[in-house]
Amino acid sequence: MLHLAAALVCTVPLLDDPAQQPPELGRVRFERSLDAGLATAKREKKPAFLLFQEIPGCSTCVGFGNGPLSHPLLVDAIETCFVPIAIHNNKGGADKAALERFREPAWNNPVVRFVDGDGQDVIPRRDGVWNEAGTVERMINALEVAHVDVPRWLEMARVELHPRDPQRVVFSMYCFWEGQQRLGAIDGVIDARPGFVGGSEVVDVRFDASRVKLADLARQAASMECASTILLPRIGDADLLPANLRERARALSGDVRAAGADDDLRRLRGVRELDLLPLTRVQALRVNAELAAGGKVGAGTLSPNQAALRRRIASAGGKKLEG
């Protein structure tokens with residue numbers, strides 16, 4: 001989920017305005033010449049994001065454009081880490097020749113292939129990958145196989161879009177502002193929201209247990225004074241906690257009452273050029289934590305388009321950013 005919807009500054013001048021292109025192409029600025037795109041991929045030593053798409057297309061085609069091809073971080077990754085090339089699978093001429101070259105069917109649902117500058121598949125072709133979770137997983141897989149560095153902001157998108165083992169725990173503490181700031185910095189935390197249980201301030205945490213185990217998360221929370229009580233949806237999970245923290249475990253009964261909007265992401269909301277960015281929830285948590293810890297956003301937390309938009313917002317407000 002986006003922290004705040006806003007138009008991104010696009011960095012690759014392949015189309016004048018992606019908002020004016022067919023919805024099946026989303027907001028990605030695609031190259032339309034296969035040969036030119038592959039030449040660029042070869043020269044820049046990065047994979048091509050080769051989209052075979054029906055235009056105009058069915059609801060699946062439009063949904064792919066409105067979904068993965070419009071997600072801010074995926075758009076930025078497609079444009080900066082890959083060379084995006086669009087082939088219309090229901091047209092003649094060069095599009096038909098490209099279909100024949102890659103043996104793709106005409107009038108088909110969207111298919112994305114990741115190929116090198118010679119047109120060879122970097123990872124195996126797959127049908128039916130039409131959501132953000134599957135798309136980001138294949139994008140990162142292709143980058144890794146092609147030995148291209150995976151940006152931190154794209155890895156954060158995978159954490160949020162495709163958690164392998166999502167779980168929940170609620171920590172009580174003396175101040176949920178500080179609790180959210182500290183817990184939101186932990187790798188594997190997908191969400192951390194301030195709230196109340198009874199008369200206690202708490203942070204309601206969702207995490208990916210494939211990245212951070214409950215025991216490690218609880219240990220870190222306790223070391224940061226953010227675990228006076230550990231509320232568990234399944235009290236049997238108390239056995240997974242470190243022995244010295246098990247006495248703090250309680251069963252989570254009833255709902256967590258959400259804190260007011262002004263209590264969420266407290267540090268981030270105080271910085272205009274960051275609060276107006278189209279951040280995903282995980283990004284917003286990390287930025288909020290980084291501001292609280294040192295006052296600066298860490299390298300790689302923002303995508304190139306987000307960083308450019310941040311500079312534009314700051315400049316419009318008469319503020320000059322360092323770096």
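The existence of a salt bridge linking Arg281 and Asp264 is confirmed by a sub-4.0 Å separation between a basic side-chain nitrogen and an acidic carboxylate oxygen. For the pair Asp275 and Arg272, the salt-bridge criterion is not met [side-chain N within less than 4.0 Å of a carboxylate O]. Using a 4.0 Å cut-off between charged side-chain N and carboxylate O, Asp95 and Arg32 make a salt bridge. Under a 4.0 Å N-O distance rule, the pair Asp208/Arg206 does not qualify as a salt bridge. Between Arg234 and Asp237 there is a salt bridge, since a side-chain N of the basic residue sits under 4.0 Å from a carboxylate O of the acidic one. Arg113 and Glu104 are joined by a salt bridge, as a carboxylate oxygen and a charged side-chain nitrogen come within less than 4.0 angstrom of each other. Electrostatic pairing of Lys42 and Asp116 does not count as a salt bridge here, judged by no charged N lying under 4.0 Å from a carboxylate O. The pair Glu201-Arg193 does not meet the salt-bridge criterion, since no charged nitrogen lies less than 4.0 angstrom from a carboxylate oxygen. The pair Arg211-Glu155 meets the salt-bridge criterion, since a charged nitrogen lies less than 4.0 angstrom from a carboxylate oxygen. Between Asp262 and Arg269 there is no salt bridge, since none of the side-chain N atoms of the basic residue sits less than 4.0 Å from a carboxylate O of the acidic one.
Using the six-membered ring where Trp is involved, Phe49 and Phe30 have ring planes that are tilted, between 30° and 60° apart.
Residues Asn305 and Pro72 form no side-chain contact, since every pair of their non-hydrogen atoms from C-beta on lies 4.5 Å or further apart. Within the 4.5 Å cutoff, the side chain of Val203 has heavy atoms near those of the Met173 side chain. No side-chain heavy atom of Arg257 sits less than 4.5 Å from a side-chain heavy atom of Val197. Considering only heavy atoms from C-beta on, Leu285 comes within 4.5 Å of Leu265 through its side chain. At a threshold of 4.5 Å between non-hydrogen side-chain atoms, the residues Val115 and Gln120 do not count as touching. No side-chain heavy atom of Asp216 sits under 4.5 Å from any side-chain heavy atom of Ile186. Inter-residue side-chain proximity for Gln306 and Leu279 is flagged as met; some heavy-atom pair is nearer than 4.5 Å. Counting heavy atoms from C-beta outward, Leu232 and Ile230 have side chains that approach closer than 4.5 Å.
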Give the intermediate values and the outcome of side chain to side chain donor-acceptor pair (under 3.5 Å) for residues Ser200 and Ser172. CA-CA 6 Å; Ser200 300; Ser172 72; 5.3 Å; no

From CA spacing to verdict: salt bridge (Lys or Arg N to Asp or Glu O under 4.0 Å), Arg182, Glu178: CA-CA 6 Å; Arg182 295 171 182 175; Glu178 292 190 16; 2.9 Å; yes

I would like to know whether Glu290 and Thr301 meet side chain to side chain donor-acceptor pair (under 3.5 Å); could you show each step before the answer? CA-CA 9 Å; Glu290 289 166 352; Thr301 303; 2.9 Å; yes

Criterion side chain to side chain donor-acceptor pair (under 3.5 Å) on Asp165 and Ser210, from CA distance to verdict: CA-CA 6 Å; Asp165 189 9; Ser210 72; over 6 Å; no

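Distance check: Gln53 CD to Lys91 NZ gives 10.0 Å after rounding to the nearest 0.5 Å.
More than 12 non-hydrogen atoms from other residues, nucleotides or ligands lie less than 6.0 angstrom from CG of Asn244. For Lys45, the NZ atom counts as loosely surrounded, since its 6.0 Å shell holds 12 or fewer non-hydrogen atoms of other residues, nucleotides or ligands. Atom CG of Asp127 sits in a crowded spot, with more than 12 heavy atoms from other residues, nucleotides or ligands closer than 6.0 Å.
Summarising the geometry of Ala192 relative to Gln180, their closest heavy-atom pair is O-NE2, 2.8 Å, with the distance given to 0.1 Å.
Just one of Glu137, Met156, Glu132 meets the side-chain contact (heavy atoms from CB on, under 4.5 Å) condition when paired with Leu161; it is Glu132.
Judged as a ring-ring contact (aromatic ring centres under 6.0 Å, His included), and not counting sequence neighbours, Phe64 has no contacts.
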